[in-house]
Amino acid sequence: MTIYSYKASDPSGKIMKGVLEASDEKEIVSRIQDMGYIPIKIDRAGGIGKKKSRNKKVAKPTAASKQSFSLFSRISPKDVMNFTQDLCALLQAGLPVDRALSILTDSVENKRFSSIINDMLKSVQG
(Lines give C-alpha, C1' and ligand atoms only; values in the text may rest on other atoms or scores of the structure.)
Protein backbone atom coordinates (compact mmCIF):
# COMPACT_ATOMS: atom_id res chain seq x y z
CA MET A 1 0.00 0.00 0.00
CA THR A 2 1.15 3.52 -0.84
CA ILE A 3 0.21 6.79 0.81
CA TYR A 4 -1.17 9.43 -1.58
CA SER A 5 -1.97 13.07 -1.02
CA TYR A 6 -4.89 14.47 -2.96
CA LYS A 7 -6.65 17.68 -3.82
CA ALA A 8 -10.34 17.51 -4.68
CA SER A 9 -13.36 19.75 -5.09
CA ASP A 10 -16.68 19.25 -3.34
CA PRO A 11 -19.92 19.90 -5.29
CA SER A 12 -19.99 23.54 -4.13
CA GLY A 13 -16.47 24.14 -5.47
CA LYS A 14 -14.62 24.15 -2.14
CA ILE A 15 -11.12 22.68 -2.44
CA MET A 16 -10.38 19.79 -0.10
CA LYS A 17 -6.94 18.32 0.62
CA GLY A 18 -6.15 15.04 2.31
CA VAL A 19 -4.12 11.86 2.50
CA LEU A 20 -5.27 8.31 1.77
CA GLU A 21 -3.58 4.92 1.60
CA ALA A 22 -4.25 2.68 -1.40
CA SER A 23 -2.64 0.21 -3.76
CA ASP A 24 -2.72 2.55 -6.79
CA GLU A 25 -3.99 5.89 -8.12
CA LYS A 26 -7.14 4.32 -9.62
CA GLU A 27 -8.22 3.19 -6.18
CA ILE A 28 -7.63 6.69 -4.79
CA VAL A 29 -9.73 8.26 -7.56
CA SER A 30 -12.53 5.79 -6.86
CA ARG A 31 -12.44 6.45 -3.11
CA ILE A 32 -12.45 10.23 -3.59
CA GLN A 33 -15.42 9.97 -5.95
CA ASP A 34 -17.22 7.69 -3.46
CA MET A 35 -16.82 10.49 -0.88
CA GLY A 36 -18.68 12.81 -3.28
CA TYR A 37 -15.65 14.84 -4.37
CA ILE A 38 -14.13 15.55 -7.79
CA PRO A 39 -10.43 14.59 -7.83
CA ILE A 40 -8.17 17.38 -9.06
CA LYS A 41 -4.68 16.16 -8.25
CA ILE A 42 -3.20 12.98 -6.79
CA ASP A 43 0.46 12.56 -5.80
CA ARG A 44 2.42 10.03 -3.85
CA ALA A 45 2.91 11.53 -0.40
CA GLY A 46 6.30 13.20 -0.19
CA GLY A 47 6.86 13.33 -3.95
CA ILE A 48 5.42 13.39 -7.40
CA GLY A 49 3.07 10.52 -8.20
CA LYS A 50 4.35 9.75 -11.69
CA LYS A 51 7.93 9.02 -12.63
CA LYS A 52 9.47 11.32 -15.20
CA SER A 53 11.15 9.90 -18.24
CA ARG A 54 14.82 10.82 -18.54
CA ASN A 55 14.79 10.54 -22.34
CA LYS A 56 11.91 12.93 -22.92
CA LYS A 57 12.68 15.56 -25.57
CA VAL A 58 11.53 19.09 -24.90
CA ALA A 59 10.20 21.15 -27.81
CA LYS A 60 11.98 24.43 -28.47
CA PRO A 61 9.79 27.47 -27.82
CA THR A 62 8.36 29.22 -30.85
CA ALA A 63 7.63 32.95 -31.16
CA ALA A 64 3.93 32.27 -30.51
CA SER A 65 4.63 30.22 -27.40
CA LYS A 66 7.03 32.86 -26.09
CA GLN A 67 4.32 35.47 -26.54
CA SER A 68 1.73 33.36 -24.70
CA PHE A 69 4.13 32.77 -21.82
CA SER A 70 4.64 36.51 -21.46
CA LEU A 71 1.21 36.51 -19.78
CA PHE A 72 2.75 34.42 -17.04
CA SER A 73 5.89 36.54 -16.63
CA ARG A 74 5.45 36.92 -12.86
CA ILE A 75 4.07 33.47 -12.30
CA SER A 76 6.34 30.51 -11.71
CA PRO A 77 6.38 27.69 -14.26
CA LYS A 78 5.39 25.35 -11.43
CA ASP A 79 2.22 27.38 -10.78
CA VAL A 80 1.35 27.33 -14.49
CA MET A 81 1.95 23.56 -14.64
CA ASN A 82 -0.21 22.96 -11.56
CA PHE A 83 -2.95 25.14 -13.02
CA THR A 84 -3.02 23.28 -16.32
CA GLN A 85 -3.00 19.88 -14.60
CA ASP A 86 -5.82 20.95 -12.26
CA LEU A 87 -7.83 22.42 -15.15
CA CYS A 88 -7.37 19.21 -17.13
CA ALA A 89 -8.54 17.09 -14.19
CA LEU A 90 -11.65 19.22 -13.66
CA LEU A 91 -12.54 19.13 -17.36
CA GLN A 92 -12.03 15.37 -17.51
CA ALA A 93 -14.32 15.07 -14.48
CA GLY A 94 -17.05 16.65 -16.60
CA LEU A 95 -17.14 20.20 -15.25
CA PRO A 96 -17.87 23.00 -17.72
CA VAL A 97 -14.93 25.29 -18.50
CA ASP A 98 -16.42 28.28 -16.68
CA ARG A 99 -17.08 26.26 -13.51
CA ALA A 100 -13.55 24.77 -13.59
CA LEU A 101 -11.97 28.23 -13.99
CA SER A 102 -14.12 29.55 -11.15
CA ILE A 103 -12.90 26.78 -8.83
CA LEU A 104 -9.28 27.37 -9.83
CA THR A 105 -9.56 31.14 -9.33
CA ASP A 106 -10.34 30.49 -5.68
CA SER A 107 -7.70 27.79 -5.20
CA VAL A 108 -4.66 29.65 -6.61
CA GLU A 109 -2.53 31.30 -3.92
CA ASN A 110 -0.76 33.82 -6.21
CA LYS A 111 -3.04 36.92 -6.37
CA ARG A 112 -1.76 37.97 -9.81
CA PHE A 113 -2.33 34.50 -11.24
CA SER A 114 -5.80 34.41 -9.66
CA SER A 115 -6.57 37.70 -11.41
CA ILE A 116 -5.40 36.28 -14.76
CA ILE A 117 -7.58 33.17 -14.31
CA ASN A 118 -10.50 35.42 -13.39
CA ASP A 119 -9.94 37.37 -16.62
CA MET A 120 -9.99 34.07 -18.54
CA LEU A 121 -13.25 33.17 -16.79
CA LYS A 122 -14.84 36.50 -17.81
CA SER A 123 -13.74 35.94 -21.43
CA VAL A 124 -15.23 32.45 -21.46
CA GLN A 125 -18.48 33.70 -19.94
CA GLY A 126 -18.62 36.55 -22.49
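In this text, all values refer to a predicted model and were calculated from it rather than measured experimentally.
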Legend entry - 4.5 Å side-chain heavy-atom contact, Leu87 and Gln92: no

Inset, instruction - Output yes when a side-chain donor or acceptor of Thr84 lies under 3.5 Å from a complementary backbone atom of Val80, and no otherwise. - result: yes

Inset, instruction - Taking Ser107 for its side chain and Leu104 for its backbone only, find out whether a donor-acceptor pair lies under 3.5 Å. - result: yes

Legend entry - For Ala100 against Leu91, the heavy-atom pair lying closest together: CB-CD2, 4.2 Å

Inset, instruction - Would you give the length of the straight line joining atom CD1 of Ile116 to atom NZ of Lys111, rounded to the nearest 0.5 angstrom? - result: 14.0 Å

Legend entry - Side-chain heavy atoms of Lys17 within contact of Tyr6, under 4.5 Å: no

Legend entry - Distance in Å, Tyr4 OH paired with Asp24 CG, rounded so as to fall on 0.5 Å steps: 6.0 Å

Legend entry - Straight-line distance of Thr2 OG1 to Glu25 CD, nearest 0.5 Å: 9.5 Å

Legend entry - Side chain proximity check, Lys41 to Asn82, heavy atoms < 4.5 angstrom: yes

Legend entry - Inter-residue atom distance Glu27.CD - Ile42.CD1, 0.5 Å rounding: 11.0 Å

Inset, instruction - May I have all residue pairs that pass side-chain hydrogen bond (donor to acceptor under 3.5 Å, both in side chains) and include part of residues 113-126, sequence neighbours excluded? - result: none

Legend entry - Any side-chain heavy-atom pair of Asp106 and Ile15 under 4.5 Å: no

Legend entry - Check: Arg31 side chain, Leu20 main-chain N or O, donor-acceptor pair, under 3.5 Å: no

Inset, instruction - Locate the shortest heavy-atom distance separating Pro39 from Val29; write the atom from each residue and the value. - result: CG-CG1, 4.0 Å

Inset, instruction - Applying side chain to side chain contact (heavy atoms under 4.5 Å, CB included), run through Asp79 and Val108 and close with a yes or a no. - result: CA-CA 8 Å; Asp79 285 342; Val108 172; over 6 Å; no

Legend entry - Pairwise side-chain contact, Ile38 with Asp10, heavy-atom cut-off 4.5 Å (strictly under): no

Legend entry - pair Val19-Ile3: side-chain heavy atoms closer than 4.5 Å: yes

Inset, instruction - Indicate yes or no: at least one non-hydrogen side-chain atom of Phe83 is less than 4.5 angstrom from one of Leu101. - result: yes

Legend entry - Rounded distance (nearest 0.5 Å) linking atom CD1 of Ile40 with atom OG of Ser9: 5.0 Å

Inset, instruction - Dump the intermediate steps for side chain to side chain contact (heavy atoms under 4.5 Å, CB included) on Lys7 and Met16, then the final yes or no. - result: CA-CA 6 Å; Lys7 185 163 63 168; Met16 315 293 282; over 6 Å; no

